[in-house]
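Here the structure comes first, spelled out in structure tokens, and everything after it is commentary.
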There are 2 protein chains.
Amino acid sequence: MSMKSKSTSELKASIHRVEEICKSNKLGLTEIRKQVFEIIVKNNKPIKAYEILDTISNINNKPSHPPTVYRAIDFLIENGFVHKLNSINSFVGCFHPKAHKECYFLICKKCNIYQECCDDSLKDRISKTAIHNNFVISNTTLEIEGHCLDCSQK
Amino acid sequence: MSMKSKSTSELKASIHRVEEICKSNKLGLTEIRKQVFEIIVKNNKPIKAYEILDTISNINNKPSHPPTVYRAIDFLIENGFVHKLNSINSFVGCFHPKAHKECYFLICKKCNIYQECCDDSLKDRISKTAIHNNFVISNTTLEIEGHCLDCSQK
DNA sequence: CATTGCAATGTTATAACATAACATATATTA
DNA sequence: TAATATATGTTATGTTATAACATTGCAATG
Ligand SMILES: [Zn+2]
Ligand SMILES: [Zn+2]
Ligand SMILES: [Zn+2]
Ligand SMILES: [Zn+2]
């Protein structure tokens, strides 16, 4: 599996999926929340909150403020549509929302492309480590930084 | 293995170990760097940069500034004596510096105690995931948040 | 023993990331 | 419609981290 960016149809499907989930779960996918989600997924790479802020300000031709963006992000994260990458203070779209609670990531330091890598074997291994330490997991941050195939060949 | 805090003798050993490593590797363990390391390891729990700043200002009876603390932290991280927990913007001491490049963590959200959990099986699993994705790892953030045994029983 | 170079620290300012608090608007629903 | 809840606007501020440049102290070189 290479770390290519998403195709237009994948993006559209992803947006549509979020709309459907919101509809069937009676979640208010407001204009702002939808805009923020689209900005994040269409970016292909992890995006920063203030980049989203600039983008949304440009789109709407009027300045938005940090709380607007952070609130939308909070909504999207709470519902599993977006993840925060703590190691780089950035946000990415989830391409399999509701599939599982946690997602793990590969992040290329060179081209900034990222990839979700949520194998079960990894999940199991983390789970076993927790059990071995009598620890009850509530959430996991796994962010693997390095170089993707393309970038390590250059 | 429970998540108890370190004993006084463990702390002393940890500080002594860093001194020895610096001596034999000709690393300048200056007064400030030593102070910051001691503040971090003696804290037992993840500590924030500005808490270190306050502590060091009190100890020396004169105000220190952010760059002073961040520079010391950088030195300590570079040499593997301290880790940053990205999920909580905090710093912890390493109790087996140079043993391996990456450390993984269990962090109790209730009592804030943390535990390094660097099993090889976990490392291998992460390594396999990277290989499977043709990805070359440079550094890994694995932070498992939840509740320790004591806190989940309360 | 200058002088030069370098590593570390001091200092000031500001950048980057995030939230508090309260006002206003918009949508539900009684 | 009135009451309630949900979402957004707005201002200000809190928190985390770094840039940039001055100063110090110490050791290598001539
Ligand atoms: Zn995901
Ligand atoms: Zn790449
Ligand atoms: Zn460690
Ligand atoms: Zn605990």
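Owing to the predicted nature of the structure, the values given are computational and were not obtained by experimental measurement.
In this structure, CG of L76(B) is placed 12 Å from P of dA8(C), rounded to the nearest angstrom. Rounded to an integer number of Å, the gap from CG of N86(A) to P of dA16(C) is 20 Å. When rounded to the nearest whole Å, the span between CG of L53(A) and C1' of dA15(C) equals 15 Å. With rounding to whole Å, K26(A) atom NZ is found 15 Å from dA27(C) atom C1'.
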## Note on the structure
A correct 5'-to-3' footprint of nucleotides 5-17 of chain D, with B, S and - meaning base, sugar-phosphate only and no protein heavy atom under 4.0 Å, is --SBBBB----BB

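At a threshold of 4.5 Å between non-hydrogen side-chain atoms, the residues I131(B) and F135(B) do not count as touching.
The structure places NZ of K45(B) at 13.5 Å from CD1 of I107(B), a figure rounded to the nearest 0.5 Å. Rounding to the nearest 0.5 Å gives a distance of 6.0 Å between CG of L11(A) and CG of N44(A).
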### Message
Please evaluate residues Q153(A) and H147(A) with respect to the criterion side chain to side chain donor-acceptor pair (under 3.5 Å), reporting the C-alpha separation (whole Å), side-chain torsions for both, the decisive distance (0.1 Å), and the verdict.
### Response
CA-CA 9 Å; Q153(A) 279 173 344; H147(A) 296 299; over 6 Å; no

### Derivation and outcome, side chain to side chain donor-acceptor pair (under 3.5 Å), residues D119(B) and T129(A)
CA-CA 8 Å; D119(B) 5 331; T129(A) 297; 3.0 Å; yes

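The aromatic rings of F105(B) and Y114(B) sit tilted, their planes meeting at an angle between 30° and 60°.
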